[in-house]
Amino acid sequence: MHPIERFVAACRCQPVDRPPVWLMRQAGRYMPSYQAVRRRYSFMDLCRTPEAACEVTMQPIDELGVDAAILFSDILVPLEPMGVRVGFEHGPVVEPAVRSVAAIDALRSEGVADEVPYVYEAVRLIRRELGGRLPLLGFAGSPWTLASYLVEGGSSRNLHELKHLLYAEPAALERLLDKLTDVVIAYLGRQIDAGVDAVQVFDSWGGVLDEVTWRATSGRTLARIVEALAPTGVPVLLYVHGGPHLLGALSEMGATGLSVDWRVPLSEVRRIVGPGTALQGNVDPGILRAPVPVIREAVAQCLASHGPGPGHIMNLGHGITPDATVAAARAFVEAAQEFGPAYGGEPA
Ligand code: CP3
């Protein structure tokens with residue numbers, strides 16, 4: 001099967017010759033070739049330079065043999081034209097943190113997607129470089145996850161400031177989420193116009209909420225995004241981290257597929273979600289520190305857990321960490337491609 005046809009069919013729960021495999025954060029610091037490019041650019045300059053973003057996007061294609069490419073960028077890139085400074089020091093930094101109703105009202109949303117032309121230029125360059133060989137994924141952060149970085153000013157374990165807004169100033173949070181939803185819809189729409197074959201929305205911090213609150217905040221925005229993108233016909237994958245309690249609600253968002261972490265086996269996720277929604281994942285990225293036979297066994301178990309039915313995209317349950325090795329990531333991909341032909345077809 002042609003890789004683009006295979007990927008889109010897997011998203012649509014149609015039979016494939018084997019499940020496609022790619023890895024979240026497949027381009028990154030664990031790769032010596034990425035580190036070499038990073039010595040020439042700051043992280044944000046790398047995201048802003050289409051030729052460099054294209055170069056690092058291609059590294060895992062060449063070095064791992066994955067079945068899909070993902071645009072190299074970061075979920076925080078479209079926040080800058082909203083009126084904050086985004087930097088990466090020991091982690092992401094957003095300045096000034098957006099903590100008052102006045103600061104939320106001052107954020108720009110209209111026209112923001114037009115202010116990052118380098119992202120769409122990178123998509124066009126990558127497509128030219130791929131020459132139709134592999135599908136290309138675009139992505140964005142979910143409004144809730146983007147709000148967490150805006151309000152906390154960076155990464156935060158407990159999201160105290162965001163929760164303060166949620167419970168003490170719910171109307172202000174709603175306004176912030178609405179602005180971010182407008183930005184995400186326009187931003188993904190522009191990536192689709194530039195030629196991506198599928199998009200993934202990262203709700204990396206959705207799992208900190210209970211189901212009722214998630215539905216009223218993050219879920220509401222995700223349903224709006226899926227609905228707005230539906231006319232494009234491009235598959236929309238939703239990723240949630242730490243959200244086994246949200247699987248039922250997630251399955252009602254109308255997304256083409258759900259990308260899930262490793263906390264619940266795919267057999268159980270499939271039981272909760274039902275047929276007709278693709279599942280992506282879900283091996284613990286920590287496996288990439290293990291010896292190759294252990295990696296291969298984890299891949300075999302993950303494929304078997306989903307079983308022979310259609311609608312599985314093989315992946316990790318979260319991004320590759322900097323302590324992984326290229327050899328381990330390659331072993332993961334090779335095992336998925338070797339064991340894959342027993343899966344991805346009609347239900348047994
Ligand atoms: O998957 C890919 O290869 C595409 C590129 C990609 C990056 N970030 C590159 C990156 C994608 C899809 C992301 C998404 C992203 N960024 C998410 C959602 C997924 C998730 O992990 O939950 C989030 C929450 C972010 C925010 C972010 N960016 C953090 C928390 C960090 C620092 C921590 C870390 O892992 O480095 C980043 C920086 C970042 N984004 C790097 C890369 C390769 C490392 C930066 C460097 O080179 O120093």
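Everything quoted here is computed from the prediction, not taken from an experiment. As the structure lists them, so they are numbered: ligands from 1, and atoms in each ligand from 1.
Met82 is listed as a side-chain neighbour of Leu180, based on a closest heavy-atom distance under 4.5 Å. Contact of the Ser218 side chain with the Leu222 side chain is registered, since non-hydrogen atoms from C-beta on lie closer than 4.5 Å.
The single protein non-hydrogen atom nearest to atom 42 (C) of ligand 1 is Phe43 CE1, 3.6 Å, given as residue, atom name and distance. Protein heavy atom in closest approach to atom 20 (C) of ligand 1: His318 NE2, 3.1 Å. With respect to atom 1 (O) of ligand 1, the closest heavy atom belonging to the protein is Arg25 N, 2.6 Å. Nearest to atom 28 (N) of ligand 1 among the protein's heavy atoms is Asp74 OD1, 2.7 Å. Closest to atom 29 (C) of ligand 1, if we only count protein heavy atoms, is Pro92 CG, 3.6 Å. What sits closest to atom 37 (C) of ligand 1 on the protein, heavy atoms only, is Phe88 CE2, 3.2 Å. The protein heavy atom nearest to atom 6 (C) of ligand 1 is Ser73 O, 3.4 Å. Here the heavy atom of the protein found nearest to atom 4 (C) of ligand 1 is Leu71 O, 3.6 Å.
Residue Gly281 comes nearest to Leu266 through the heavy atom pair O-CD1, 3.8 Å, listed as atom of the first residue, atom of the second, then distance. In terms of heavy atoms, Arg12 sits closest to Thr256 at NH1-CG2, 3.8 Å.
Salt-bridge formation is detected for the pair Asp178/Arg220: a Lys NZ or Arg NE/NH1/NH2 atom is positioned less than 4.0 Å from an Asp or Glu carboxylate oxygen.
In this structure, of Ala27, Ser204, Ala140, the residue bringing a heavy atom nearest to atom 22 (O) of ligand 1 is Ser204. With His241, His90, Arg38 as candidates, the residue nearest to atom 46 (C) of ligand 1 on a non-hydrogen basis is Arg38. Across Glu89, Arg29, Gln26, heavy-atom proximity to atom 36 (O) of ligand 1 is greatest for Arg29.
Within the 4.0 Å heavy-atom cutoff, Tyr149 counts among the residues contacting ligand 1. The shortest heavy-atom distance from Gln200 to ligand 1 is not under 4.0 Å.
Each of Val84 and Val101 belongs to its own hydrophobic cluster when Ile, Leu, Val, Met, Phe, Trp and Tyr are linked at side-chain heavy-atom distances under 4.5 angstrom.
The aromatic rings of Tyr34 and Phe72 sit tilted relative to each other, their planes meeting at an angle between 30° and 60°.
Short contacts between ligand 1 and Phe202, defined as distances under 4.0 Å to a heavy atom of the residue, involve ligand atoms 12 (C), 18 (C), 19 (C).
Two rings, from Phe202 and His241, have their centers 6.0 Å or more apart.
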